[in-house]
Amino acid sequence: MLDDTPRKLLRIIFQFRYHFRRMPNIKELRRLSGRRPAEIIKGFKALAAERYILWESSAPIETAVIIEGWERNVPYRTIHRLREAYRAPGVDLT
């Protein structure tokens, strides 16, 4: 599982690429994520290490290529487990 900053950056670059047909630059990522440039670069390095993106740390951010746009192996709860988790005594959710 990814930490907060890499996860947020992955979602931002995936949606930005889909919407604008280009990768965001560091200023746009700073505005959209609320993170400092050093945190953004650290997040990109984490994404590259986990093979979510292809990117050389010596290259500009805009040259990154998205391999996978969503996080892998995230445990999603089923509706049944959600019902059990949020069931109040005496309340029927069916």
Looking only at non-hydrogen atoms, find the nearest pair between [X] and [Y] and report the distance.
| X | Y | answer |
| --- | --- | --- |
| Trp55 | Ala48 | O-CB, 4.0 Å |
| Ile53 | Ala64 | CD1-CB, 4.3 Å |
| Arg22 | Phe16 | O-CD2, 3.3 Å |
| Lys8 | Ser33 | NZ-O, 3.1 Å |

(request) Apply salt bridge (Lys or Arg N to Asp or Glu O under 4.0 Å) to Arg31 and list each qualifying residue two or more places apart in sequence or on a separate chain. (result) none
(request) Please identify each residue that fulfils salt bridge (Lys or Arg N to Asp or Glu O under 4.0 Å) with Arg21, with sequence neighbours left out. (result) none
(request) With Arg72 as the cation and Tyr52 as the aromatic partner, state whether NZ or CZ is under 6.0 Å from the six-membered ring centre and within 45° of the axis. (result) yes
(message) Show me the pairs that pass salt bridge (charged side-chain N to carboxylate O under 4.0 Å, His left out) and involve residues 37-51, at least two apart or across chains.
(response)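 Matches after skipping sequence neighbours: Arg36-Glu39.
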(request) Start with the C-alpha gap between Ile13 and Ile61, add the side-chain angles, then the distance that decides, and say whether side-chain contact (heavy atoms from CB on, under 4.5 Å) holds. (result) CA-CA 10 Å; Ile13 63 173; Ile61 295 274; 6.0 Å; no
(message) Quick check on side-chain contact (heavy atoms from CB on, under 4.5 Å): which of Leu54, Ile67, Leu10 does Leu47 satisfy it with?
(response)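 Only one option passes, and that is Leu10.
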(request) Working to the nearest 0.5 Å, report the span between CG of Leu32 and CD of Gln15. (result)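 Result: 11.5 Å between the selected atoms.
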(request) Run the salt-bridge test on Arg7 and Glu71 with the 4.0 Å N-O cut-off and return the result as yes or no. (result) yes
(request) Taking the side chain as every heavy atom from C-beta outward, state whether Arg35 and Leu29 have any atom pair closer than 4.5 Å. (result)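 Arg35 vs Leu29: side chains apart.
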(request) Start with the C-alpha gap between Ile66 and Arg17, add the side-chain angles, then the distance that decides, and say whether side-chain contact (heavy atoms from CB on, under 4.5 Å) holds. (result) CA-CA 9 Å; Ile66 301 169; Arg17 175 77 174 95; 4.1 Å; yes
